[in-house]
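Numbers here are sequence positions counted from 1. All figures in this text were calculated on a predicted structure; none of them were measured in a lab.
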Amino acid sequence: MPLHGTDDPHPDNDLAVIRIKNLRLRTHIGIKEDEIRNRQDVVINAVIRYHTDRAVAFNHIEQALNYRTITKEVIAHVEDNRFLLLERMTREVLDLIMAHEPVLTAQVEIDKPYALRFADSVSITLSAARDARRGR
């Protein structure tokens, strides 16, 4: 049974879905004076898809997409930068993930807890897909 929609350009043979769940970080995010001065919590969720045929065949980390490396890059980028908009932070994290050549598709959602009164959080979700014609 396929794990993707019928319009997905990527076949699901050896297709892995990596989910980074609830990565909790602190960064400068926002436009209000107190947001600019003080770090705030953000929660990052990412879904990354890539072909695992080489990783399965060779059973070596060099043939796999190293989610630990990606997560460390995300942590460093988010914690070491300042963002006015949640949209900008989300785009930069998505671009960082897509910079890894094996990634076929990625989706990033970043929550800003307590951004609105009476709401648990506000989030932005962005997605990207590598051009299927470029191959594996």
Kindly check if the number of other-residue, nucleotide or ligand heavy atoms within 6.0 Å of CG (Asp120) is above 12?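 Not more than 12 within 6.0 Å, no.
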Would one find more than 12 heavy atoms of other residues, nucleotides or ligands at under 6.0 Å from atom CZ of Arg26?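 More than 12 within 6.0 Å, yes.
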In Å and rounded to the nearest 0.5 Å, what is the CG to CD distance from Asn38 to Glu33?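 Going from CG on Asn38 over to CD on Glu33, the span is 10.0 Å.
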Using 0.5 Å steps for rounding, measure from the CG atom of Asn45 to the CZ atom of Arg19.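 Rounded to the nearest 0.5 Å, the CG-CZ separation comes out at 10.0 Å.
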Under 4.5 Å between side-chain heavy atoms, hopping through other hydrophobics if needed: is there a path connecting [X] to [Y]?
| X | Y | value |
| --- | --- | --- |
| Leu86 | Ile20 | yes |
| Leu23 | Val47 | no |
| Leu25 | Leu96 | yes |

Are [X] and [Y] side-chain neighbours, meaning at least one heavy-atom pair lies under 4.5 Å?
| X | Y | value |
| --- | --- | --- |
| Gln107 | Thr125 | yes |
| Val108 | Leu126 | no |
| Leu15 | Thr52 | no |
| Ile48 | Ile97 | yes |
| Ile18 | Leu65 | yes |
| Asp111 | Val42 | no |

Backbone N/O of [Y] and side chain of [X]: donor-acceptor pair under 3.5 Å:
| X | Y | result |
| --- | --- | --- |
| Arg24 | Asn22 | yes |
| Arg130 | Glu101 | yes |
| Arg49 | Val103 | no |
| Gln40 | Ile29 | yes |

Between [X] and [Y], which heavy-atom pair has the shortest distance, and what is it?
| X | Y | answer |
| --- | --- | --- |
| Ser121 | Pro113 | CB-CA, 3.6 Å |
| Met98 | Ala129 | CE-C, 3.9 Å |
| Ile110 | Ile44 | CG1-CG1, 3.9 Å |
| Gly30 | Lys112 | CA-NZ, 4.0 Å |

Flag the pair Arg91 and Glu87 as a salt bridge only when some basic side-chain nitrogen lies within less than 4.0 angstrom of an acidic carboxylate oxygen.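 Judged by the 4.0 Å cut-off on N to carboxylate O distance, Arg91 and Glu87 do not form a salt bridge.
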Salt bridge check, Glu35 against Arg82: does any charged N sit closer than 4.0 Å to a carboxylate O?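 No, this pair does not count.
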Which residues satisfy the salt bridge (Lys or Arg N to Asp or Glu O under 4.0 Å) test with Arg39, sequence neighbours excluded?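 With neighbours one apart ignored, the set is empty.
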Quiz: residues 68-79 side-chain donor-acceptor pairs under 3.5 angstrom, not counting sequence neighbours:
{"unit_1": "Thr69", "atom_1": "OG1", "unit_2": "Asn66", "atom_2": "ND2", "d": "3.4"}
{"unit_1": "Thr71", "atom_1": "OG1", "unit_2": "Tyr67", "atom_2": "O", "d": "2.8"}
{"unit_1": "Glu73", "atom_1": "OE1", "unit_2": "His100", "atom_2": "NE2", "d": "2.8"}
{"unit_1": "His77", "atom_1": "ND1", "unit_2": "Asn81", "atom_2": "ND2", "d": "3.4"}
{"unit_1": "His77", "atom_1": "NE2", "unit_2": "Glu92", "atom_2": "OE1", "d": "2.6"}

Partners passing side chain to side chain contact (heavy atoms under 4.5 Å, CB included) against Leu84 (at least two apart in sequence or in another chain):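 With sequence neighbours excluded, Leu84 shows a side chain to side chain contact (heavy atoms under 4.5 Å, CB included) to Ile31, given in chain and number order.
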